[in-house]
Amino acid sequence: MDFDDTKEEAAFRARARAWLEQNAKPRASDESGGDPLREREDHEALRDAKAWQARKFDAGWACLTWPKEYGGQNLGRMEQVIWNQEEARFATPPNVYAIGHGMLGPTIMAHGTPEQKSRWVREMARGQVIWCQLFSEPGAGSDLAGLRTSAVRKGDEWSLSGQKIWSTLAHFSDFGMIVTRTDPDAAKHAGLTYFIVDMHAPGIEVRPIRQINGATGFNEVFLNDVRVSDASRLGGVGDGWRVALTTLMNERVAIGAGTGSGRVRDLFRLARGARLRGRPAIESDAVRQRLADFYIRAKGLQYTGYRTLSAISRGSTPGPEGSIGKAVGAPLGQEMASFAMELQGAMGAIVDPELAPQEALWQEAYLGAPGMRIAGGTDEILRNIIAERVLGLPPEIRVDKDRPFRDVPAGRGAR
Ligand SMILES: Cc1cc2nc3c(=O)[nH]c(=O)nc-3n(C[C@H](O)[C@H](O)[C@H](O)COP(=O)(O)OP(=O)(O)OC[C@H]3O[C@@H](n4cnc5c(N)ncnc54)[C@H](O)[C@@H]3O)c2cc1C
């Protein structure tokens, strides 16, 4: 493991920081950043996010690893990591590009035709269009390949019908990436096809879902004979599972990198300010024990992250071990938020940012935490991945894998 920047990395970091200092305000040291799902509801925040992305693009700081002809800078993953670290020190608008830049851009680059790349990827880098992911269905989440939304060929077009759910940002999106079933007679993973769909097309209805924290970050999406041109098909007919796997691998890396431990310092600050039996809470042995436990786990995560970074720096691609970050970080974040609310005593029950200590950030984190343990692969699915692909344990039994999908009863099987 190597903790230091190389000479070139240090020079890049200095250039990035200099640009950010001229173009953004530093984040206050005690500012933890807001909840992105709540902010995403806010049209003003969306406008700010688009303006910030355009500014970065024009100055050459957008989508650094992408080829220059598609709006990137042809740089390595390490430069992207350094940029992300530096940008996180500044107060910037919410990131609404995790799906477009983190997942779909790499998928189109891997599977798209030259026309598809020039049609969508460059525009995506500038950030003036928003993308959503239409994968999950009421009966297909962990078992994504069990999806039932159909696509039927009609000349040069396809007709899409069905229902998607948990579609983050769909209510603000211009385009969605969608996986559909085109051949119900083929085995479950073999009968799928991947498309890009215009979210403003006739036949699409988006219904926001109200979440536990009061925000509406994700939606149900109903499709009723939505027409999609064959030119918007990504990959071959029946090759949708392979294309979707590229999206899913990028999703885990994107989500895993964002979860976890950043709030330990905030928790120490809270424990210094909170009172327990008339004394600062941090003086209690029981509180110190919990804080030490959180600190150790957060440091373990941080160093595991550095190990991945060192591998990236040497040119390797993160593998299934990338699932560890989210498998450990999401439960840790939930436990820390729960403990923070205990420390706040009666005030812990208050979610109003005007009244609650630290602008109700811990309450927001607590309410958002169950979602983090589900999105992009549940705890159990991540453990399955680590067991099978990192530790080499025997795979789960998948009885429906080779049967024609038509014969698989609804709601059975595993990814
Ligand atoms: C905040 C958030 C944002 C999301 N955004 C999107 C989005 O933008 N686009 C999109 O398409 N989807 C999105 N999702 C959906 C997400 O991908 C699914 O919720 C997730 O894959 C789980 O699927 P499910 O909800 O159908 O649960 P299920 O798959 O029905 O799981 C139910 C329970 O069974 C367990 N389980 C299932 N299979 C196994 C197994 N083989 N072994 C052991 N346990 C198992 C699970 O761990 C879970 O506890 C989002 C979800 C959340 C929470």
Side-chain angles (χ1 to χ4, degrees), residues 35-41 95-104 107 130-149 162-173 175-180 188 192 194-195 197 199 206 208-223 240 244-245 247-252 254-256 258-259 323 326-327 330-331 333-334 364-365 367-389 393-401 410-415:
D35 168 38
L37 278 187
R38 184 174 287 287
E39 286 170 332
R40 278 177 200 160
E41 283 194 284
N95 177 11
V96 292
Y97 303 105
I99 293 175
H101 294 167
M103 293 148 62
L104 188 61
T107 307
I130 305 291
W131 289 78
C132 65
Q133 179 196 25
L134 304 171
F135 279 21
S136 304
E137 298 183 3
S142 304
D143 180 24
L144 178 62
L147 62 87
R148 287 170 189 271
T149 293
Q163 185 196 343
K164 298 289 177 176
I165 194 167
W166 315 127
S167 322
T168 305
L169 276 184
H171 53 323
F172 287 138
S173 289
F175 292 101
M177 46 181 156
I178 185 164
V179 190
T180 62
K188 134 172 168 178
L192 304 175
Y194 197 120
F195 295 95
V197 59
M199 292 300 288
V206 178
I209 298 174
R210 177 85 35 205
Q211 294 154 213
I212 191 173
N213 64 355
T216 49
F218 48 36
N219 308 267
E220 290 179 290
V221 176
F222 294 85
L223 300 105
L245 280 182
T247 310
L248 294 174
M249 274 171 56
N250 281 285
E251 177 173 18
R252 292 210 176 109
I255 295 188
T259 45
S323 298
K326 188 170 121 61
Q334 186 171 23
E364 285 285 351
L367 294 175
M372 285 310 296
R373 297 183 68 168
I374 297 170
T378 63
D379 288 3
E380 289 76 15
I381 295 299
L382 296 177
R383 285 194 207 118
N384 279 353
I385 291 171
I386 293 165
E388 291 180 20
R389 298 195 217 149
L393 296 177
E396 267 195 289
I397 297 166
R398 296 179 171 100
V399 287
D400 58 0
K401 204 167 163 230
R412 301 277 168 81
R415 205 178 253 184

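If you read the sequence from its start, that first residue is 1, and numbering goes on from there. Counting starts at 1 for both ligands and their atoms, in listed order.
The CD1 atom of Ile99 sits 7.5 Å away from the CD atom of Glu251 when rounded to the nearest 0.5 Å. Here OG1 of Thr168 is found 13.0 Å from CD1 of Ile130. Values are rounded to the nearest 0.5 Å. Note that CZ of Arg383 and OG1 of Thr378 are 8.5 Å apart. Values are rounded to the nearest 0.5 Å. For the atom pair Lys164 NZ and Thr180 OG1, the distance stands at 7.5 Å (nearest 0.5 Å). Atom CG of Leu223 sits about 7.5 Å away from atom CE of Met199, to the nearest 0.5 Å.
Of all the heavy atoms in Arg373 and Lys326, the pair that sits closest is C-NZ, 3.8 Å.
Of the heavy atoms in Ile381, only side-chain atoms (C-beta onward) come closer than 4.0 Å to ligand 1. Only the side chain of Thr378 comes within 4.0 Å of ligand 1, judged by heavy-atom distances.
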**Q.** Residue pair Met177, Phe135: steps toward the side chain to side chain contact (heavy atoms under 4.5 Å, CB included) verdict
**A.** CA-CA 8 Å; Met177 46 181 156; Phe135 279 21; 4.3 Å; yes

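For Ser167, no nitrogen or oxygen atom sits less than 3.5 Å from a nitrogen or oxygen atom of ligand 1, counting backbone and side chain alike. At under 3.5 Å, a nitrogen or oxygen of Ser136, whether backbone or side chain, sits near a nitrogen or oxygen of ligand 1. Ligand 1 has an N or O atom lying under 3.5 Å from an N or O atom of Phe135, backbone or side chain.
Every atom of ligand 1 is numbered from 1 in the order shown, and the set under 4.0 Å from a heavy atom of Thr168 is 3 (C), 4 (C), 5 (N), 6 (C), 7 (C), 8 (O). Atoms of ligand 1 lying under 4.0 Å from at least one heavy atom of Asn384, given by number and element, are 40 (C), 41 (N), 42 (N). Close contacts between ligand 1 and Gly141 involve ligand atoms 21 (O), 23 (O), 24 (P), 26 (O) [criterion: under 4.0 Å to a heavy atom].
Residue Glu380 holds the heavy atom nearest to atom 44 (N) of ligand 1 of all those in Arg373, Arg398, Glu380, Glu396.
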